[in-house]
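This report refers to the structure that appears directly beneath it.
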Amino acid sequence: MSETVPAQAVLSASDISIAFGAKPLIKGGTIAILEGERVGLVGRNGCGKSTFLKIAAGILAPDSGQVNLRRGLLTGYLPQDFELEDELTVHEAVLRGADVIQSYLAEYEQVPPESNRASELLELIEHLDGWNLDSRAKALLTHLNAPEADRIVGSLSGGEKRRVALCRCLIAKPDLLILDEPTNHLDTESIQWLEDFLARYQGTCIFVTHDRYFLDRVCNRIIEIHLGGFVSFPGNYTDYLLAQAEREGVAEQTEHRRQKFLRSELEWVRRAPGARRTKSQDRMDRYFEAVGQAPTEKIGDAEIILPTPRELGNRVISLKNVGADIDGRTLFSGLNLEVPAGARIGIIGRNGSGKTTLLRILTGEQTPTHGSVEHGARSEINLIDQHRLQINHNRTVWDEVGEGRETVQLGAESVSLRGYLRRFLFNEDQMNQLTGQLSGGERSRVLLAKILKRGGNVLLLDEPTNDLDLATLRVLEEALVRFKGTVIVVSHDRYFMNRICTHVLAFDGEGRIGFDVGNYEEYLLRRQTHQPADRTGSRQAAPPPATAPSATRQNKAPKMSWKEERELEGIEAIIQLKEKALEEAEAALNSPDLYKQPPAEISETQKAPDKIRAEVAALYSRWDELETKRAASA
């Protein structure tokens, strides 16, 4: 009977510590990454995730401790801030990621074919699949929706360069892939391809991402950086959440027992018995030992509170036959849309299809090539852009968010700037730190704090999830679900879209835009089953059935029954009640007390929103059916 050979460590870190100035990140952390593992690295913004990836990639050395890599390990690294040679073509830039393989190929062409070195090189090239470099580069560029191979790197946008950098990282099929936010600037199709690629990947991968579906579908292990150390959880992101909830529950129970013991002993200690017998001294020692045990340190969540919006009028934003061209190319055309008051609309589509352009048109920053846009008299638009251009990196957090004021007005509530910044998890030291010295996620929190305080009843968000840590993402989702105004958001984060959206505006990449009721998963389901879009959208009505009804039946459409007329009269009210129930179910799903419930109740709470969404979709379908029947029988 053969024994299973244990996996070897490709990377190990022993008792490592690193700090930037007075800010310690990792303190005595020890961890090992094994062959074939796909590890998701999670933790708060600024906890040291990107720093550890740099250590793993050999870019940065820890202040103390040891880091060991397996001998001969081939590593591929995609940092958040990467560099590409501007003068190269896209194809040349991608191949730079396979310099080692190309050096083997060049040497193989020079050495005598009969030599031992030629045999060694041939074995290395075949092991690294070096003969297929060009075809592999073309496949990566296609699947990741990267720019054309002959484009010059210097002419590319930031998002295009990031996709090229990702192709460059993957081209050599390294033994260890180190990826820092690999899904940023990727469209949904490219993210799904990358998920499949990494799920089949023969090597080892460690990555940081805010995409929770990605973590769920790719990871077989989660490592959390918590209070300067590494905490490992087997399984995917869902397994991690369950284990984390159980860990926190145990910590709470331990602290509860400690407090109970202290209360029971306090009166005895206060009596200060005069006779210090050994037994009494032991009891005193146990008491003071319990006093000295600090409770498990917990890091609070950011508290994102959106100012109470001004009530919207009947018209929010009206688009009539809107289209946009760029450089002679039509991005989209013929968009007719009345934005519903209180809706949360997710805009999806491939990169370059015109999503950001549409946001600029909605704000009035850009004039449409065709058609017109009209804002309601009571509509107040507030935009958070994806490029973070509104942050001055030479100003402190205090100055950037406060903008010369020491208070923040949140609707009718006035709070101190210090208190407001604490809600976004900035301590006293960070308040006086230059924004340029913060991590990407911390800068994202600065932007949220700065822009959201301005209020508005129509929030436009362009890729708001980029660089935010997972805990802050959950709090942002909850704040947007509670928001009483209208939200329009561009995002490739499918979990985020499922969580907040009531409607989806979908770019098909060929200039057409569809408008659907429901979240992203419901949109996908309707697309797969070819159901018609919501009647308020810009799509055409659904095609007629394959078998047309007879002329006799067409001429003699059955009249609505009295029961159907009553059903039609009351269905809108039922939908409103169901949608309110959906909001309550979603709020329960995000409650911090959820995982304190028994497992069966947790499961029911998790299933409730999907069940109600299906009921709402069925009600809308029935509404359309009854309206069609009434029109036919009129």
Side-chain angles (χ1 to χ4, degrees), residues 18-26 43-54 60 79-83 157-159 161-162 180-181 184-185 208-210 225 299-307 356 382-410 415-456 459-473 475-476 479 491:
I18 190 166
F20 287 102
K23 181 181 180 182
L25 295 179
I26 300 172
R44 295 284 183 173
N45 290 142
C47 72
K49 300 188 295 295
S50 294
T51 298
F52 178 69
L53 292 190
K54 289 178 182 177
L60 194 64
Q80 281 196 47
D81 301 317
F82 54 86
E83 292 184 3
S157 68
K161 286 181 179 179
R162 185 162 187 84
D180 199 347
E181 295 290 0
N184 278 3
H185 302 293
V208 171
T209 181
H210 64 271
I225 299 181
I299 303 175
D301 285 332
E303 184 183 0
I304 298 176
I305 300 178
L306 301 177
T356 299
N382 192 353
L383 169 68
I384 297 179
D385 78 330
Q386 65 173 322
H387 300 295
R388 314 305 196 238
L389 297 177
Q390 295 153 305
I391 290 182
N392 184 337
H393 290 180
N394 295 317
R395 298 176 71 183
T396 65
V397 173
W398 178 276
D399 292 333
E400 188 65 14
V401 177
E403 299 177 298
R405 299 176 64 89
E406 294 194 358
T407 59
V408 175
Q409 195 68 32
L410 299 177
V415 300
S416 70
L417 178 58
R418 181 169 280 100
Y420 181 70
L421 288 173
R422 282 179 181 148
R423 292 182 176 184
F424 287 84
L425 299 184
F426 291 109
N427 59 34
E428 295 291 334
D429 292 336
Q430 290 170 319
M431 291 178 196
N432 295 308
Q433 194 172 356
L434 294 178
T435 61
Q437 298 173 349
L438 302 175
S439 71
E442 289 169 331
R443 287 196 296 270
S444 293
R445 290 209 309 269
V446 171
L447 182 75
L448 285 174
K450 178 179 178 179
I451 304 301
L452 292 179
K453 72 184 178 69
R454 296 180 184 174
L459 297 183
L460 305 186
L461 302 97
D462 196 356
E463 296 290 359
T465 65
N466 283 355
D467 299 324
L468 289 180
D469 61 48
L470 299 172
T472 305
L473 265 178
V475 177
L476 175 60
S491 178

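The figures here come from the full heavy-atom set of this structure, side chains too, leaving out hydrogens, waters and symmetry mates.
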Side-chain touch L438/Q433, heavy atoms, less than 4.5 angstrom: yes
Atom pair CG/OG1 of N184 and T209 - distance to nearest 0.5 Å: 7.0 Å
Side-chain donor/acceptor of K49 to backbone N/O of G43, under 3.5 Å: yes
Heavy-atom pair of closest approach, residues I451 and L383: CG2-O, 3.5 Å
Neighbour count >12 (heavy atoms, 6.0 Å) for atom NZ, K453: yes
Reported CG-to-CG distance for the pair L476 and L461, which is rounded to 0.5 angstrom: 7.0 Å
Sidechain-backbone polar pair: Y420 side chain, E406 backbone, donor-acceptor under 3.5 Å: no
Side chains of V401 and L421 in contact at under 4.5 Å (non-hydrogen atoms): yes
Main-chain N/O of L459 paired with N382 side-chain donor or acceptor, under 3.5 Å: no
Salt bridge present between R454 and E403 (N-O < 4.0 angstrom): yes
Contact summary for H210 and T465, nearest pair of heavy atoms: NE2-OG1, 3.3 Å
W398 side, atom CH2; N432 side, atom CG - distance, nearest 0.5 Å: 8.0 Å
Salt bridge E428-R422, side-chain N to carboxylate O under 4.0 Å: yes
V446 to E400 - nearest heavy-atom pair and separation: CG1-CG, 4.1 Å
Main-chain N/O of P79 paired to K54 side chain as donor or acceptor, under 3.5 Å: no
Side-chain heavy-atom pair T356, E463 within 4.5 angstrom cut-off: no
Test side-chain contact (heavy atoms from CB on, under 4.5 Å) applied to F82 and K161, step by step: CA-CA 9 Å; F82 54 86; K161 286 181 179 179; 3.8 Å; yes
Worked check of side-chain contact (heavy atoms from CB on, under 4.5 Å) between E442 and V397: CA-CA 10 Å; E442 289 169 331; V397 173; over 6 Å; no
Sub-4.5 Å side-chain heavy-atom contact between I18 and T51: yes
Heavy-atom pair of closest approach, residues A19 and P24: CB-CA, 3.6 Å
Face-on cation placement of R445 at F426 ring, 6.0 Å and 45° thresholds: yes
Donor on one side chain, acceptor on other, S50 and Q80, under 3.5 Å: yes
Pairwise distance CZ(R44) to CG(L470) - rounded to 0.5 angstrom: 9.5 Å
Lys/Arg N to Asp/Glu carboxylate O, E181 vs R162, below 4.0 Å: no
SG on C47 to CD1 on I26, rounded to 0.5 Å: 8.0 Å
Distance-only polar pair, side chains of T435 and H393, donor-acceptor under 3.5 Å: no
